[in-house]
Structure formats: C-alpha cells, structure tokens
2 protein chains.
Amino acid sequence: MARPCCYFSPMPLPEPLRAATVGDVAALAGVSSATAARALGGYGTVSPRTRDRVADAAHALGYRANGIARSMVTGQTSTLGLVVADIENPFFAAVTRGFGDVARSAGYDVMVVNTDEDPARERAALGVLVGRRVDGVALSPASSREAGHLHMHVASGQPLVLLDRGVRGLRADVVGIDNRAAARRAVEHLVAAGHRRIAMLAGAGSGGRPLQAEGVPPALMTGLDRIRGYRDALSSAGLDGLPDYLRVTHFRSSAARAAIRELLALPVPPTAVFCSDSLLSLGVLAGAADSGAVIPVDLSLVAFDDADWMDVVTPAVTVMDQPAYDIGAAAADRLLRRVAGDTARPRRVVLPTSLVARGSVAAPRTAVRRVQRPAAP
Amino acid sequence: MARPCCYFSPMPLPEPLRAATVGDVAALAGVSSATAARALGGYGTVSPRTRDRVADAAHALGYRANGIARSMVTGQTSTLGLVVADIENPFFAAVTRGFGDVARSAGYDVMVVNTDEDPARERAALGVLVGRRVDGVALSPASSREAGHLHMHVASGQPLVLLDRGVRGLRADVVGIDNRAAARRAVEHLVAAGHRRIAMLAGAGSGGRPLQAEGVPPALMTGLDRIRGYRDALSSAGLDGLPDYLRVTHFRSSAARAAIRELLALPVPPTAVFCSDSLLSLGVLAGAADSGAVIPVDLSLVAFDDADWMDVVTPAVTVMDQPAYDIGAAAADRLLRRVAGDTARPRRVVLPTSLVARGSVAAPRTAVRRVQRPAAP
DNA sequence: GTCCAGAGTGAGAACGTTCTCACCACATCG
DNA sequence: CGATGTGGTGAGAACGTTCTCACTCTGGAC
C-alpha cells in the first residue's frame, strides 16, 4: 500500500508534467467522469456526499479545467481580440485599459495586437484572431479604403466593433467621438483668440508625404475627419485657401518636429497650430523651441488628447480631450452585447469631448514678421 | 441540380453561421478528411493534383483552421501570457510592445492582464492564464512576499519569466535591470552636484503609508532595491540618518504631488529628490510648482524612466533610463526558449541603464531657508 | 403489491484537429 | 513470377471537456 498508484498504472509521463483531468479527479473520488464533471461544473444533480468527495479530489490534484477543451465543446473562448495601432500611444494604452477592465469583469480575456497603422498587418491580425476563434473583435481600422477583410469578417457574421474610427459602408458598431466637430471646436478656439494663420499637423500611418491641395487624403478616417473639422472652422471664419499650412506626417514626434520647423520657416508663418495627436504636439514643443519660437507668444497650440504631461509643461497645453478609457470600455460593452447575441442594427456610440483651456493659446502678435530668437520684452 | 446540396443534407444550421471544417473542404474536394488535412497541413504525402483540389476547395469555402481544435491535439496554444501592473504606465506599455513584437515574430500571440499591483488579482490572472493553457507566462510580480502561487506555478513545471522584479528563492528567469545600482548612480549624481539633503519618492501598489524608519518595506522588489540603492549612495557619502526624506506613495502622480509638497514644507526641506518612477516625477513637477519651488534652483530632480515628455518640459528632466522595450523583448525571448524546452538553470538577464543628464539638476543654494515664492534674481 | 416520479449515476457522443496505422496499386528487383 | 518497397489514400484514435441519454434505485401514491 506504500505506493499503490504506480504498480499497475500504465501512465506514460511522470506525474508532475501532466495536468490533472476530470478523469483523474473522478478516479481519485471513485466516481465516473460524468459525475465528476457534474460536480465540478455545478450542473445536473449530484449528491452532497459525492460533491464533497469530488471537490476534495480536485483540490488534492490541483485540478484546473482545461479551457481549450471547454472552448472546443462550448464553441466559445471567452476571449476578445483588440487590434490597435500602437499600444505605446497613451491614447491606445488608455483604450486598452478600459477595454480590458470591462472585458475582465465580464469573464473575458483579451488578446492585443499592434498594427502600426499598417493595413496588411491589420488583416493578418484579424486572421490570427479569427483562427484563434475569439468571440469578438474590436479594431481601430488603419485604413478607410483597404477594408475588404473587415467587410468579409462582418459578412461571416462575427461580432466586430470599430474603435475610434469608422469605415464607410461597414455594418458594424462604431465607438468614438465626433472627430470633425471636436477638431472644428479646437480650431474655433484659436480663431476666437484672434488667429488667422492657423496650421494643422495631422498624423497618418501610411504615407507621410505632405498632402497635396485637394489631393489624396491619408488612408485614415480619424485624420480625415479632423482635417475636415479644421477646414470647417477655417471656412466659416473666412480663412480658407492656405493649403500649405496643413501637414500630414507620420505618428512620430520627430516628424512633427520637422514639420513645425518647416512651417515656422515659411515667409509668412502660422501664428497657431492644431495638432491631431498628443505625440505630434510633443514634436511641436520641441520644434518650436528649435526655431526659437516661444509658446504662446509666437505660436499658439491646441493639441488632441489630454496626455498626463500636458499640464506640467510651461505653458500648459490647451487640449481637446477625448475620454480614451471610456471609449475602450464602451467598445467592450458594445462588443459583449453582440457576442451575447444582440442583432439590432449597428449603432454609433459618440462620446463627449471637452476643450481644456490652458496657457498655450494667446492672441497673435499684431505685426507680421519672421520668428527669430525673441529679444527680451 | 439547381440546389443539390440542400436536398438530402441534414445540415442543422444555415451555411454562413458555421465555419468550414476540414471535413467540409474534404467533401468539396472529393477526398477523405485525412487527405485534406494532409494537404492543408503540408505533411505526409499528397499528390500534386489532390493538393490543388483541396487548396481550391479551402479557398472557396473560406476555410480557416480552428486553432482551438489544433491546440487540443497538439497540446500547445501558441499563446503567451503577460501580467503587468498597469499598461497605462509608459514603462509597461513599452515592455508590452517589446514583448508582443518578439512573440508575434515567433508566431505567438499575447494575452495581457493588468494587476494594479494587487497580489490577489495577480494570482487570479495567473490562474486564468493557466486555465487557458498558455504556453508560458511573463509576469512582473506585485509582491515579493505573497508569491506562493508563483512557487506552485514553477513547481508544476510551467515556463515562467519574471519581468523587471525578482522574487527571492523562485527558480525562474528574471529579466530587468540592476535597480539597486541604477538608483545608487542616480543619487550619486545628486551628491556629485553638491546635494546633501536628498529625498526619495518610491512607488508601491499596496500600502501608501509612509515608510517607518527601519519599518515594513513595501511589498515590492523594485521599490525595495531602489530604496537600497538610495541608501547605499547616501551612506557612502556619509549622509544617512534622515528617514523623513523617504516617502513611499501609490503609483499616482497625485500621491507624489502631495508627498513633495509635504517634503518642501519641512523645517529643513530637501534640496533634491530622486523619483523611482516617471509617473511620480510628474507629480513632483506639479507639487514643486504648487509650493513655489523652482526646478532646479530650489529643488533638483532625478527621475526614473525616460518618458517621452521628459525633454520638452522646462527644465528637461535628468533621468535614469532603462530600456523598457528591450526588457519586454528579452523577456519574450527567454520565455520562448523555455517553451521550446530549455531546462538550463534560471538565468538573470540584466540590461544596461544610462543616466541622461539634463537641466533638472543644479547645485543646491548655499543658504538653508524655507522655500518661498522666489524673488527675481 | 404495482406503478410512477425523480434523484443519482454511468456510458458515450460530440467538438475539429493531428497523426498513426493499415491498405491499395503500382513499380522495381531478385 | 513472387517478394519488396513506395507513393498515395482512408479509417479511426486521441485530446478533455460538456451534455444527452439511459439506467438503477428509492420512496410514495394508488
């Protein structure tokens, strides 16, 4: 009786390398696998005595149900996919956090994939997630044009929620803000301060070449909508017709830094700039310093996304804040509803934005002149 | 022949709602499931003609292999688990990015879970990941004391790599930096600038009460090691014995803000402060401004982690930089080796840090006096 | 005493893949 | 001409769970 288990057992592997199964638990408890499964799963009828014996056996064996096998039979994985451009961008980090918190509290786990705004990688990521049979996917589309894979995904009946950016004609929920209106409001803030030469820095993953006048728009909905809002504000103030003030750059502060230097070196430089992303505004601060321009004296700045450092720089940065965490949370909520079987027609969830006025906006200097290293006042 | 498939087929669900299986592909190609599986999987021997027919059928049906079923039989999920404190912290965001990039290029996906430095949530997260049968887990332990679940995990033979922080006595790889030496070097930088009253702000998830002199250390290895390094530097400069200058706070800039205000309000305030985290240094900037202290005139600052905003604030912040992306990448690399079967004894991978000297450190003022709103020089 | 409800249990199918094994046809060799 | 591969194929087991079905046994109603 000293080592009863090893005598007749044909066990192929040493004990610690194989995780305990329902069968192991059942054998130790002296019941059938079916009964053990019932006791463990808490369904069907099991006598209290049996239930206890099974529970003890499971504890003794360190049994943990195999989620893979469970997914196999139930057809669901309790896993959601999240496809974002770049988790290092504070906006997406907050979105991911909100998404994950809601998912977790509903018993779901999350697989996160970065695309770096590359449609090819987005397509691959979606393929992987589908192959892994996630129950649903939330995705911030890298391109508004290369979206064939998204249409196929939706057509196959799988839950999909679009994050932050919409795709025209795609029957899927969209969770985000009204980018056009928000951008318009941000630029109107500059107009109200008296600015007439207002530049815009927009981020786009693919491309990076400056946008031609009336030329090809960046393959990106968010950027496009914000550019529209920028133009709305300009034209309703009667300030349109200066395409050189719009710069589309990569989502890198270094690109924005170069762009703002270029703008400030123009014969007639802008007196204010609107940035479509917090990373870009970082570059603007650096580039303005490079050019010897003092914010807000020589250049006013309104940025997008209230990054945590925005109120410790001098001057603090005026921003159009969007509720990133809430966007992620709302997306998870929407997606979970779809996963649960909600087949109502796609909804567009628009979350509120707010303009946070800080010190980076001031009235423009009256005289029109090249910015130089400013003399003492 | 108009609708041949629907006549005798006992198919229970409408076509578009059921993903195609190997059997479906095989039926369409007119071969057995075994042959279709061989053709799809690229193993065994299949005639070129058959291979083409199967490929065509798979394409026509939009077949995508069921990863769950594959995991079921192969026993591996091609998924890695990543357990971090908070993905919104730029350090962990970068770690996650590095980890994910390496994992993805090796064909692995990543499940990320946040713990908010809560050992209970960490334990739960590990349980979930094990239940999901991930092939390996990388984890930055929330506590160096409550680590029973980690010991059990390692004892069960499952690959585990510790991120950023070690756990005493745990037979697992650790990837990170030499926190003690890095902290020491950072503080020595302040000593070299002439400071003698040097404070430290350390972050800890649990607790938040100020650390008693020789009292209970925060349940956190990184913080502890950095505190040791701080003390090393002080004692080798003959400056020890001022416990009031050490503050352990939550990982929030608001907590740091309050702490630095407290420190600056002391009868004999510190002339310099060392921050163990970028979030805390954000609070220091705000708190110093609250108190009317000018950096670096009234207070010198050395922070940890080179966040992207650190060189656009005025003055730019001197930091001890650690390679967060590389730490994540190296952790994934280590973990993948373990997953592949490497059973060599645990290694400790120590990545280099570098002190980035910027404008936030200056010599202390000679006179000892309370900090007030500074007059013009 | 007979019948039935229902609690408790065990046998076994199902999920979709991988992969072993057996089989067949054909070519090659002794 | 029979023995021996060999390329190509199909049948079916295995993974570990959930869950349906059938069975036994008990107690109560008639």
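Every chain is numbered from 1, with letters handed out A, B, ... down the list of sequences.
- Shown here for A:T77 and A:V134, the closest heavy-atom pair between the two residues is OG1-CA, 3.5 Å.
- Atom CZ in B:R132 sits roughly 18 Å away from atom P in D:dG16 (whole-Å rounding).
- Regarding contacts with the backbone of C:dT9, a side-chain N or O of A:T50 is found under 4.0 angstrom from either OP1 or OP2.
- For the pair A:T74 and C:dC15, the criterion of a side-chain N or O lying under 4.0 Å from OP1 or OP2 is not met.
- A:T45 comes within 4.0 angstrom of a base, heavy atoms only.
- When the nucleotides D:dG10, D:dT18, C:dT9 are ranked by their closest atom to the side chain of A:V73, D:dT18 comes out on top.
- With D:dT18, D:dA11, C:dG8 as the candidates, the nucleotide lying closest to the side chain of A:S47 is C:dG8.
- As rounded to whole Å, 13 Å separates atom C1' of D:dT9 from atom CZ of B:R49.
- The shortest distance between the side-chain N/O atoms of A:Y63 and the OP1/OP2 oxygens of D:dT17 is below 4.0 Å.
- Taking side-chain N and O atoms only, B:T35 has a distance below 4.0 Å to OP1 or OP2 of D:dG10.
- The side chain of B:R38 lies closest to C:dC21, out of C:dG10, C:dT9, C:dC21.
- Ion pairing between a basic and an acidic side chain is recognised when a charged N comes within 4.0 Å of a carboxylate O; B:R334 and B:D173 show such pairing.
- Checked for salt-bridge contact, A:E146 and A:R121 miss the test: no charged N lies under 4.0 Å from a carboxylate O.
- Side-chain contact between A:Q158 and A:V137 is absent, with no heavy atoms from C-beta onward closer than 4.5 Å.
- For B:P48, taking side-chain heavy atoms from C-beta onward, the closest of the listed nucleotides D:dG10, D:dG8, D:dG16 is D:dG8.
- Whole-Å rounding puts the B:Q76 CD to C:dT17 C1' distance at 14 Å.
- Phosphate proximity of D:dG16 to A:T21: absent, as no side-chain N or O sits under 4.0 Å from OP1 or OP2.
- Ion pairing between B:D116 and A:R97 holds under the 4.0 Å rule for side-chain N and carboxylate O.
- The distance between atom CG of B:D24 and atom P of C:dG16, rounded to the nearest whole Å, is 8 Å.
- One interatomic measurement links the two molecules: CG of B:L40 to P of C:dT18, which rounds to 8 Å at whole-angstrom precision.
- When each of A:N66 and B:A34 is assigned the nucleotide of DNA chain D bearing its nearest heavy atom, the one mapping closer to the 5' terminus is B:A34.
- In terms of position along DNA chain D, the nucleotide closest to B:G30 lies nearer the 5' end than the nucleotide closest to the other residue of the pair B:G30 and B:M72.
- Look at CG on A:L61: it is 13 Å from P on D:dG16, rounded to the nearest Å.
- Summarising the geometry, the separation between CZ on A:R53 and C1' on C:dG8 is reported as 13 Å, rounded to the nearest angstrom.
- Going from atom OH of B:Y43 over to atom C1' of C:dT17 covers 8 Å, rounded to whole Å.
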